[in-house]
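Report on the following structure.
Note on naming: letters A, B, ... go to the chains in the order of the sequence lines (proteins, then strands), and numbering restarts at 1 for each one.
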Amino acid sequence: MTLILDPDDPAGWREAPAASGAPVAPGAPAASGNRFTEGLNPEQREAVEYRGPALLIVAGAGSGKTRVLTHRIAGLIDSREAWPSQILAITFTNKAAAEMRERVEALLGEGASGMWISTFHSACVRILRREAEAIGLSSTFTIYDSADTRTVLKRIIKELDADTMGFTPAGAQSKISKLKNELSDVESYARNANMNDPQEVMFLEIFRQYTRRLRAASALDFDDLIAETVYLFRAFPKVASLYQRRFRHILVDEYQDTNHAQYSLIREFTQPIPAERVAEMADHGFNVRAVADSTGAIPGASLTVVGDSDQSIYAFRGADIRNISEFERDFSGAKVVLLEQNYRSTQNILSAANAVISNNFDRKDKKLWTAVGDGDKITGYTGYTAHDEAQFVADEIEALHRTGVAYRDIAVFYRTNAQTRALEEIFVRSALPYRVVGGTKFYERAEIKDAMAYLISVANPLDELALRRILNSPKRGIGPATETALASFAEANQVTFREAMRSADALGLGPKVTGAITTLASVLDEAAAMLAPSAAGLAAGTNEGASKVSDVLVFLLERSGLIEALRRSRDPQDETRAENVDELVAQTRDFDRDNPLATVVDFLTQVSLVAAADDLDDASGTVSLMTLHTAKGLEYHAVFLTGLEEGLLPHQMSASEPGGPAEERRLFYVGITRARQRLYISLAMSRAQFGEVAVAMPSRYLQEIPEGLVDWKQSPGMATSRGGTQPRALNARRPGGAWGTRDRDLEKFSVTASAKPKAEWANRVTGTVRDNGDLTLEAGDRIRHVDFGEGRVNQVTGEGTKRIAHVAFDTAGPKKLLIKIAPIEKL
DNA sequence: CAAGGCGTTCTCACA
DNA sequence: GAACGCCTTG
C-alpha cells in the first residue's frame, strides 16, 4: 500500500506548531479574555475555551451553538494550538459548512485553507476517492441516489420473482439501508440469518445481488459512503493513521442525528496511533514528532460534539439518540456544557416549545429561556380546506410584508412535500414571491437525469445503470428486448455492458438498431477521450489539459441528439425540458469557472451530495417553503406551521413505529423554535388525499400548547360549529378527554364536511387555472372576484403575463392578484 | 419489436 | 394526482 499525500492540499501535511504537540491537560483552560470570547455568556465561553479529549455541548434551539463552534475553531487556530489543516468539522448540510467556513475566516481575518468543513458524506467521498484502489473501487465511482437504488432493486426483485413473496423495492431499500447504517454487510447478515425462513433466504439473495451489482458498476449508495469509509479504516489501519495523525480536532454538529455508522466513523477518527506505527510512519518520511507524546504514540484527536436530543428527527434513517445520551459513558472524562439561554425567539414562542416538548418523557429536562420578553401571541387558524388555510397564510404574509417584514424573513413549513400544491396555487394567484426549498429537485427531473447519465457513462464506463438509462434516450428504437440482448451478451462473454455495445455487430440485430448502438458507443468513446489530462497534467497529477465539464456536456448533448430531440418535439413540455437542460449547461459553466482544474467526477460528486437546504438563497427576496426536516438549523422572523392535523403531524406512518409519535413531537418542536418574532399555526378541516377529499382532525400536539399563548382567529372548535355556537377554547377539556378520535367529534367534522353547503366551501378557492388573456386593468377600475367580492384597483404593476393588480376589496381588504389567472371580472 | 394509450397503484421526512 | 405497468396498435 502506498501512503498518499494530498496533492492539492500541501498545507495539510505541514509540520504542526510545537504548541499542539503536548496534549493539553484535560480541563485546563486556554488563555481567556481573548477576542473570541467577548460577548459570550459564561456557558458559551466555557464551551469555547474548554480543552480536553471530549466535549459535549448540549445546545438548545437558538442558543448560539454555531457561534460557539466557530469561535472555538477560530480560537484553536489563532492561539496556534492547531493548524487549520488539523481541523475536521462535520456539519449537516453543505450550506452550513460553507457558512461556518466563512464565519471562521471572518473571525480570523484570513483564509483558513486546509480546514475540512463538510458533511459526513462529502468528507467520506473525499477520502474514498483518494483511497479507492485499496478497497477495489475505481476512483471515479458513481454515487447512487435513492431513485437509482430503487431502480436496481426493482430489477433484482423482478428477476428473482421476489414480488410474489411480498418484497417491494421500497421495502428492500429501507431494510438494506437500515442494515448498512448498522454496519452489517451481506456476510454478517448471512451469519445471523435463519436459513429455514424462505423470506430471509430471499432477502439475503436480494441483498447479495444488490451488493454485487453496485460493485460491478463501481457504484456506492449513500449509506455505503459512510460504511465503506469505516471498513477502509478498519481494514487498513495505516490508511486510518494518516487521517488520525492529520486531524487533531474533530467537531461534529447535529450530533443527535448521527447513526451507528457515523458514530463508528467518529470513533475511528479519534483513535490514538500506537507507538510502533508512529515509528513506522516516521520511517516513511512522515513528520510525527510534533504530534507524538512522550511514549512515542499519537493520542486520539480531541472531539467536540454539539447536539440537542429534543431536535433528533432522523430516527427513520437510523439516527440513534443514544449516541448523544450516552456520550459521557462512551468517552470517559468527557465534559458537558449546557446552553439553555435562547437568543432567537420571544418567550411566548419558547413557552409553547417547552410545553410541547415536555410531553416527551424519557428526556433530560431542559428549559429554554430568553431575556427579550414575551412578544406577540401565536396566531392560530383553522381553514375549511387546504386552500382556505393557504389563503390565510398568504393574507398574513401580505399583512406582515406591509408592516415592513421582508419576504425572505418569512418561511412556511409543512410535514410532507405534497402539501406544497395548495400553497403554491394560492401564492401564485396572490402574486406572492415564493420559493420551494428542496422538494422535487432540479436534478430529479427526467431530462436532467438523462443528461447526467451521459456524463456518468463517460466518467465511469462500468456504470451499467447510467448506460441503460441513455440507451434509448433520446429515442433511437432501442427497446427492452435489445437492452436484454446486450445484457445477456455481456454476461455470456464476460465483458462489460459498454463493451457489448461496442461489439453490437456480433449480436445479429437489425441494421438500424445495430447502427444506433455503435454510434452511441463511439460518441461515448470520443467524449471519454476529452476527459484525459495532457501529459503535463498527468506528470503534475492535475487535470490540466482535460476538456472542461461544460464542453464535455455540450458535446454529449449535441452528438447524442438529446437536445435536438427536445427542441424538435411537438410536446409543449419538451420546451421546458430543453430549457432545463440549458440550465444544466449553464451550471456546468459556473462550475468550470469556480473550479478551474476540476474534473467531470468532481462535478458529478457535487451534484450527488447537494442537500435540500443547500439551494436556499438568502438573497432571493422570496418567502421560503420547505418541509419541517429541511427547516432544521434555520431561523426566520416569521414562521408558519401548516397542516397541523392528525395523519400529517403526527404522520400516519409514524403510528406504527416505536417512538414515532415522540419523534413527530420533536419535529413540531423544531418547527416552533425556528421562529424569532411571529409564529402562526394552522390546519385545515378537510384535505385532499389520494385525489379524494378526506376529513382531517386537529393534531394532538395543538392542545399541548398552553391556552393563553394562542390567539385563534378561527379555532378548530369554532370551525366545527361554524356560524353556530360560541367559540370554544381549544384547550377546554371536555368530559371524556380532549378531542381526538372520538366518534362524536368525527360526526361533527363530517357534518361540516358534507352537510355544510359545498357550494360555499368546497370550492371557496377553485383549483382550476383560468386565463384572463389580455384583460387590461388600471387604477380606478372596479372588479369582482369569485372569492373576495367587489373591489377597486389601486395600482397595476409588472409586465406582460406577470401583471399584478393591487386591489382594495370592499369586505376582504387589500389583496394582490396575478391578473392573468385570478378569478376576476371587470365591472 | 417499439411506442403510445389507459387502468392501477400509492405516496413521510433526507444525504 | 402522477408515476408505473400492462395492453393495444403501428
To the nearest angstrom, the CG-C1' distance between A:N259 and B:dC14 comes to 12 Å
Filter on salt bridge (Lys or Arg N to Asp or Glu O under 4.0 Å), then keep only pairs touching residues 166-179 of chain A, sequence neighbours left out; what's left? none
Are A:S654 and B:dC12 close enough that a side-chain N or O sits under 4.0 Å from OP1 or OP2? no
Spacing between A:K178 atom NZ and B:dC14 atom P, to the nearest angstrom: 16 Å
Can you identify which nucleotide, out of C:dG1, B:dC14, B:dA15, has its nearest atom closest to the A:T119 side chain? B:dA15
How long is the line joining CZ of A:F120 and C1' of B:dA15, in whole Å? 12 Å
Test of understanding: with ring-ring contact (aromatic ring centres under 6.0 Å, His included), list the residues that count as partners of A:Y263, not counting sequence neighbours. none
From the candidates B:dT11, B:dA13, B:dC14, the one with an atom nearest any side-chain atom of A:R415 is B:dA13
For the C1' atoms, the ones on C:dC4 and on B:dA13, what distance do you get once it is rounded to whole angstrom? 23 Å
Where the side chain of A:M653 is concerned, which of B:dA13, B:dT11, B:dA15 is the nearest nucleotide? B:dT11
How long is the line joining CD of A:E645 and P of B:dC12, in whole Å? 16 Å
Kindly state each residue pair satisfying salt bridge (Lys or Arg N to Asp or Glu O under 4.0 Å) with at least one member in residues 474-490 of chain A, sequence neighbours excluded. A:R468-A:E483
For nucleotides 1-7 of chain B, read 5' to 3', which letter fits each nucleotide if B means a protein heavy atom sits under 4.0 Å from the base, S means only the sugar-phosphate is that close, and - means neither? -SSS---
What I want to find out is whether A:E447 reaches A:R469 closely enough, with some N-O distance under 4.0 Å, to be called a salt bridge. no
Is A:R435 salt-bridged to A:E424, going by a charged N under 4.0 Å from an acidic O? no
Out of B:dC14, C:dG1, C:dC6, whichever nucleotide has its closest atom nearest the side chain of A:N417: B:dC14
Measure from the side chain of A:D223, starting at C-beta and using heavy atoms only, and say which of B:dC14, C:dC6, B:dA15 lies closest. B:dA15
Pairing residues for A:R568 by the side chain to side chain donor-acceptor pair (under 3.5 Å) criterion, not counting sequence neighbours: A:E564
For A:K154, report the nucleic acid contact type (base, sugar-phosphate, nothing); a contact means any heavy atom under 4.0 Å. sugar-phosphate
Considering residues at least two apart in sequence or located in another chain, which fulfil the side chain to side chain donor-acceptor pair (under 3.5 Å) criterion with A:T142? A:N460, A:D463
Along DNA chain B (nearest heavy atom to each residue), the more 5'-positioned of A:N94 and A:H651: A:H651
Distance check needed: B:dC14 P versus A:H121 NE2, whole Å only. 14 Å
Nearest whole angstrom, please: distance from the P of B:dA15 to the NE2 of A:H629. 10 Å
Starting at atom CD of A:Q419, determine the distance to atom P of B:dT11, rounded to an integer number of angstrom. 17 Å
Roughly, in whole Å, what's the span from CZ in A:F413 to P in B:dC12? 21 Å
